[in-house]
Protein chains: 2
Amino acid sequence: MTQKSDHIPRATIQRLAVYVQVLENLLREGTEVISSEPLAKACNVNASQIRKDLAYFGEFGVRGVGYYVKSLIESITSALGVDREWRTVLIGVGNLGRALLNHKEFRLRGFNIVGAFDCDPFKIGEEISGLEVVCTKRLKEKIGENGAEIGIITTPPERAQRAANHLVEAGIKGILNFAPARITVPGDINVEYVDIFHHLYALSFNITFGKTD
Amino acid sequence: MTQKSDHIPRATIQRLAVYVQVLENLLREGTEVISSEPLAKACNVNASQIRKDLAYFGEFGVRGVGYYVKSLIESITSALGVDREWRTVLIGVGNLGRALLNHKEFRLRGFNIVGAFDCDPFKIGEEISGLEVVCTKRLKEKIGENGAEIGIITTPPERAQRAANHLVEAGIKGILNFAPARITVPGDINVEYVDIFHHLYALSFNITFGKTD
DNA sequence: TCTTGTGAAAGGGTTCACAGCT
DNA sequence: AGCTGTGAACCCTTTCACAAGA
């Protein structure tokens, strides 16, 4: 998949992920074709927004008809680069780390967790979901073996930066950070932050001060 | 806390949550005063962005000095409406639901989970983290008792809309939806979506096609 | 002197409206 | 006739640059 345009808004990427989610549910319910109008309603966006978002990557629709759900899913996943396996490693085997390691959905979605790391000697050697917990110092060595490209940080906030440094040094290309701390990495490393409380704060604000969309 | 301005960009709210996170870590490390420049660097944003974001709510800084970390945290949390307890209920006691029910951080952050619901008869009556799982049909009754204002959906995608309907009918004001499905609710109900795979998709895209910020 | 707070300018994303296909 | 794809207009957000204040 090649892009037609050089710069693509971050918001577009986020929406594409939403489109895939909605389209997959539509497909599960038996919808084969959909036009931008009802799809937009289901995604809570403007119809031309969808058409413009898709136009960054190509022409996937049929004029007068709409979009074929199945083929549109394939086009978008290809555009996002998720039509393949991604290998990931996880650092920080606490409660959250364990939960993620046991989450089967990662494999189903093509984001295979192939390594679990922690610096706590009591955790090293433990087996979780068929994976042995390894000392974080051996990260580079292990990644050399398994070729993981994405690192998942589930450490406490004060150890997040160190985990990030290890990942960068091991040659990882992207980081998914669950720790409630910002991390600093070289410009060519991609970081995504996941924080439930950010969303709860937004809810709190919207409920309290009445923003209703 | 009252706002100076009527409309506040959604992006501003998201950043305020980041500022709180970073400021709390700074406070833990002993920083008492910080100016917008280094704070901006730590948050990966522009310095005037921070000043403008804060200006929506008031004047929290001291010219020539900067911001007092502790008091800025208080100002922002007050501005977001998170300087109080929020009661929440959770629908969908699967793997994720259980993990969240056992997550102590919710209480620490003031988002108390005071009810757990599921429609599976085998789960009803089970006790998790001191909370008895109750039939979803009794949601309205229970919320009448405990006064929860936020609902957390952790059902499978095909049951998310029904869960949302129950929550709306029970008078909830905001929903945090972990189910991989969009939900439709009346305009005065606030919804936030949490989906790990959206973030992984973004990483995949950025790694593959080289967007490096 | 140093840093905030803010009007004005710049930049980017969203929506509109319609041309172009099927 | 119907719906996509897209240039142009609009709108909102971000950034700049500096006045105001400690």
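Below, read A as the first sequence line, B as the second, and so on, with proteins coming before strands; counting in each chain starts at 1. What you see is a predicted model; the values in this text were computed from it and never measured.
With sequence neighbours left out, B:H103 forms a ring pair (Phe, Tyr, Trp, His ring centres under 6.0 Å) with B:F106. Residues passing the salt bridge (charged side-chain N to carboxylate O under 4.0 Å, His left out) test with A:R138 are A:E141, sequence neighbours excluded. In this structure A:T208 satisfies the side chain to side chain contact (heavy atoms under 4.5 Å, CB included) test together with A:S204, B:W86, sequence neighbours excluded.
In this model, the phosphate group of D:dT14 is approached by a side-chain N or O of B:R15 to a distance below 4.0 Å at OP1 or OP2. Here A:Y67 reaches the OP1 or OP2 of D:dG5: one of its side-chain N or O atoms lies under 4.0 Å away.
Using a distance-only test at 3.5 Å, with no hydrogens or angles considered, no donor-acceptor pair links the side chain of B:N112 to the main chain of B:V114.
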Once base and sugar-phosphate atoms are separated, protein heavy atoms under 4.0 Å mark nucleotides 15-22 of chain D, 5' to 3', with B, S and - as BBB--BBS

Side-chain atoms of residues 30-43 of chain A: list all donor-acceptor pairs with protein atoms under 3.5 Å, sequence neighbours left out, distances to 0.1 Å.
| from | atom 1 | to | atom 2 | distance (Å) |
| --- | --- | --- | --- | --- |
| A:S36 | OG | A:R51 | NH1 | 2.9 |

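Rounded to whole Å, the distance from CD1 on B:I50 to C1' on C:dT4 is 12 Å. For the pair B:D53 CG and C:dT6 C1', the interatomic distance rounds to 13 Å; values are reported in whole Å. Spacing between atom CD1 of A:I8 and atom P of C:dG12 amounts to 15 Å, rounded to whole angstrom units. Rounded to whole Å, atom C1' of D:dT6 lies 10 Å from atom CD of A:E59. Atom OH in B:Y56 sits roughly 7 Å away from atom C1' in D:dT13 (whole-Å rounding). Residue A:R10 contributes atom CZ, which lies 12 Å from atom P of C:dG13 at whole-angstrom precision. Atom NZ in A:K41 sits roughly 13 Å away from atom P in D:dC3 (whole-Å rounding).
Within 6.0 Å of the CZ atom in B:F197, the count of heavy atoms belonging to other residues, nucleotides or ligands exceeds 12.
Annotation: side chain to side chain donor-acceptor pair (under 3.5 Å) contacts involving residues 142-152 of chain A, sequence neighbours excluded, comprise A:R84-A:E149, A:E149-A:K173. Within the structure, the salt bridge (Lys or Arg N to Asp or Glu O under 4.0 Å) test picks out the following pairs touching residues 155-166 of chain A (sequence neighbours left out): A:E158-B:R28. Among pairs with a residue in residues 92-104 of chain A, those fulfilling salt bridge (Lys or Arg N to Asp or Glu O under 4.0 Å) read A:R98-A:E126, at least two apart in sequence or across chains.
If you check every strand for non-hydrogen atoms under 4.0 Å, B:A47 touches nothing.
Contacts with DNA chain C (heavy atom under 4.0 Å) in residues 24-40 of chain A: none are found.
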